[in-house]
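Just so you know, residue 1 is the first one in the sequence shown, and it goes up from there.
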Amino acid sequence: MNPGWLVKIIIVTFLGSVPCVWGDTGITGKITSLETGQVLSSANIELENTTVGAATDASGRYAIRNLPPGKYFLRVRMMGYKPRRQEAVVVSGRMLEMDFALEPTVVETDPITVQADRANEKYDTPAALVGLQYMSPQRVLSIPGIFDDPVRAMQIYSGVAGGGDYSGFMSVRGGSPNETLFVLDNVVIPNPYRFRMLLGGGMSLFNPYVTGDVYLHTGGFSAEFGNCLSSVIEVTTRDGNRERFGAVASVNILEANGVLEGPLPKRAGSFILSVRRTYYDAFMQQIAPKGVTYPFAFDWNGKVTLNLGEKNKLSLYTLATREGTAIDEMMYEDVKMQEKAEIGFSLLSWKWKPADNIRLTSSLGYYSDDVSLEIINKFSFENVTFAYLDGKVHKTFFKSDAFIRYIESSRFAFGIQGEQSAGNVVFENDSRNLYFARNEFPRHVKFDGKFRYGAVYFENISEFFTGLDWRFGWRLDYSSLIDDLQFSPRTAVSVRLDKDTRLEGSWGICYQYPTPSSLYTRDQPLDFEPVARDLKAEKAVHYVIQAERTWSQAFKLKGAVFYKDIDDLLLPYDRQKYIPGNTGRGFSRGAELSAELNDQTRRFSAVLSYAYTNAKYRRQVTSRWIPFNYDIQHAASIFLDYKLSTKWRCSVLWRVSSGLPYTGMAGVVLDWGYRDNEDDFRYDWDYLVGERNGRRMKPYQRLDIRLSRAHRAGHREYYFYIDIINLFNHKNMYNIMWDETKSGVEEEQIFSGERRIYMMRFLPSLGLAVHF
């Protein structure tokens with residue numbers, strides 16, 4: 001079903017049937033800073049024990065309308081300010097005026113505890129915050145060189161590394177990007193990337209103007225999340241403005257982005273819609289040779305939220321993406337390439353708060369992922385397939401959660417989820433004259449089948465006595481694909497040593513099952529269909545100890561040591577057929593240090609981080625330890641953000657890390673010979689690879705700077721910035737390719753040429769956003 005028609009059906013069904021009973025009755029007001037008197041936009045106002053609330057607009061004003069007369073308690077919250085709570089008595093036919101002036105502060109445990117999204121009540125205790133990093137939408141839009149991507153923004157934190165300038169993949173504590181679970185509005189979304197064929201996943205699907213909060217869960221995470229070995233990225237989408245219509249139009253070096261939001265008729269809820277598309281291809285297409293389609297990407301997001309009374313909220317979210325490239329006769333007369341990819345995601349969510357201390361959430365959705373790639377060598381009148389990928393994965397899923405607070409400082413949660421998936425994936429590769437140092441391309445892998453996945457979990461968080469919080473949970477996971485049931489206990493403890501110091505620790509067992517996308521998204525591809533019933537889930541045991549101290553309500557220092565023990569690792573027996581077995585084991589260990597600074601005037605903030613990681617694996621029958629593909633031993637970053645004046649701001653991001661490991665090429669060997677169309681005898685050759693990940697690229701270094709200016713004219717806000725990417729033009733290596741540079745009858749005439757592929761060089765760019 002087309003997601004657009006599904007949105008229309010929901011709107012037509014509900015919007016005309018929700019009456020406005022109470023007229024113009026409610027609460028309105030303005031939120032400002034107590035210290036500076038400036039208005040505060042995006043502050044959250046909520047009515048306690050209901051799902052009703054609002055957010056301030058650019059002028060600092062909010063309004064909650066259509067309320068039944070009675071007594072309410074308002075909570076006002078915003079990042080970096082003390083929350084306020086005040087009683088309000090609403091009289092029929094009147095809008096009660098309530099203004100608030102918030103006092104700046106730094107929250108003792110973590111800034112995310114001041115977020116007012118009711119879905120994030122689970123992060124209001126120290127034990128729930130163990131191993132958690134938070135990224136606000138405002139910070140995403142202030143970081144230079146990340147192209148406004150929430151996933152790339154996470155790289156400013158210690159222990160987080162990227163796959164390179166061209167890839168949006170993220171590695172946490174040496175783990176593969178395949179080991180990170182992505183959760184969107186409480187449900188799992190597989191492979192959430194754009195530019196997957198062109199750049200191998202260059203950007204995430206998450207639109208920063210639609211995205212709400214972003215959370216990174218590292219080792220020892222909550223029992224709510226499973227089927228991943230390394231980490232979890234949890235993304236929320238925001239509701240549209242329930243009081244007035246608004247729009248954003250923005251453009252950066254990659255794409256143009258448009259957002260429209262506003263209230264539904266009769267103020268029954270809100271909507272938000274976004275459309276993004278690359279634009280450079282539209283210009284280049286006018287001068288492109290015949291048969292060439294420049295790479296393009298297009299996506300749209302839509303969300304409709306309905307308030308069904310004070311205690312019920314229904315929302316429908318849809319996401320659709322499309323990208324493609326075609327090259328017939330451009331640079332090489334004997335090469336033809338076509339690729340396209342489409343993702344569809346629809347999610348219907350219901351939130352119900354039947355009592356003050358109970359919250360229930362249920363979600364039902366559908367996900368589809370279709371991708372195809374074909375590269376053809378044209379010899380005379382024959383077309384020979386060089387590489388071929390055709391993948392179709394479709395999934396229906398549901399998830400239900402219950403959150404119950406049985407005393408003020410204690411609560412428990414439990415939930416159930418289920419998935420029905422079908423996959424048909426075929427990958428063929430005959431590129432014998434090419435070899436890449438950091439990629440493996442199997443000759444032939446395929447999967448065709450249906451399977452089910454299910455899980456249940458339980459988790460309790462309690463404050464045993466003042467200063468000691470404990471989180472304990474467990475989950476059961478089952479996959480019919482390999483017919484494997486696993487039990488995963490998790491626990492975390494947070495101890496307050498004094499008012500400024502906390503000591504925390506976590507331990508947990510995590511399992512991960514193979515999926516159809518494992519055929520081509522893992523570091524080492526797997527053709528697991530022939531042996532699926534003989535496999536087990538991969539297992540990781542996390543151990544983490546960390547300490548945190550705050551000084552002067554502005555400076556926070558955090559340190560952690562971690563160890564991850566990996567067992568039953570899926571490795572291929574050979575690199576011809578890629579048939580896997582649970583033949584490997586590994587580890588990841590290291591230490592992290594980070595510092596955050598926010599001055600009391602809110603003019604300056606900084607994040608400094610450093611991480612040491614040692615991540616290796618081996619086959620159980622051998623003694624040689626091999627670095628994982630993302631074993632980045634040393635990584636450091638500095639992010640600085642300074643408000644120069646009321647209109648000008650400057651931000652800087654500097655990153656440096658040791659080089660990625662790669663597998664070198666040792667030589668070539670004769671494979672077979674044949675006669676071509678001109679009856680000349682030719683040879684085909686295979687490469688002899690060196691020691692796996694036995695070499696390292698040179699250290700990575702990049703400095704990005706952004707200078708931005710904000711301007712207000714009437715009802716419009718303009719945001720203009722200049723980004724300078726890789727200011728010092730540092731040559732960072734992305735990959736190495738070897739190819740056949742000369743061929744003939746004699747073996748001595750064959751040798752291999754090395755071609756180095758570099759990341760982004762010095763690149764100035766402009767960006768503009770207009771808020772209506």
How would you list, by chain and number, every residue that makes a ring-ring contact (aromatic ring centres under 6.0 Å, His included) with [X], sequence neighbours excluded?
| X | value |
| --- | --- |
| Tyr478 | none |
| Phe398 | none |
| Phe472 | Trp470 |
| Tyr366 | none |

Set of salt bridge (charged side-chain N to carboxylate O under 4.0 Å, His left out) partners for [X], sequence neighbours left out:
| X | value |
| --- | --- |
| Glu87 | none |
| Asp99 | none |
| Lys564 | Glu179 |
| Arg84 | none |

- Which pairs pass salt bridge (Lys or Arg N to Asp or Glu O under 4.0 Å) with one or both residues in residues 465-478, sequence neighbours excluded? Glu459-Arg471, Arg475-Asp477
- Query: Looking at Asp185 and Lys399, does any basic side-chain N land under 4.0 Å from a carboxylate oxygen?
  - Reply: no
- Is the shortest distance from a Lys or Arg side-chain nitrogen in Arg405 or Glu463 to a carboxylate oxygen in the other one below 4.0 Å? no
All side-chain hydrogen bond (donor to acceptor under 3.5 Å, both in side chains) counterparts of [X], not counting sequence neighbours:
| X | value |
| --- | --- |
| Ser349 | Ser363 |
| Ser171 | none |
| Ser609 | Ser637 |

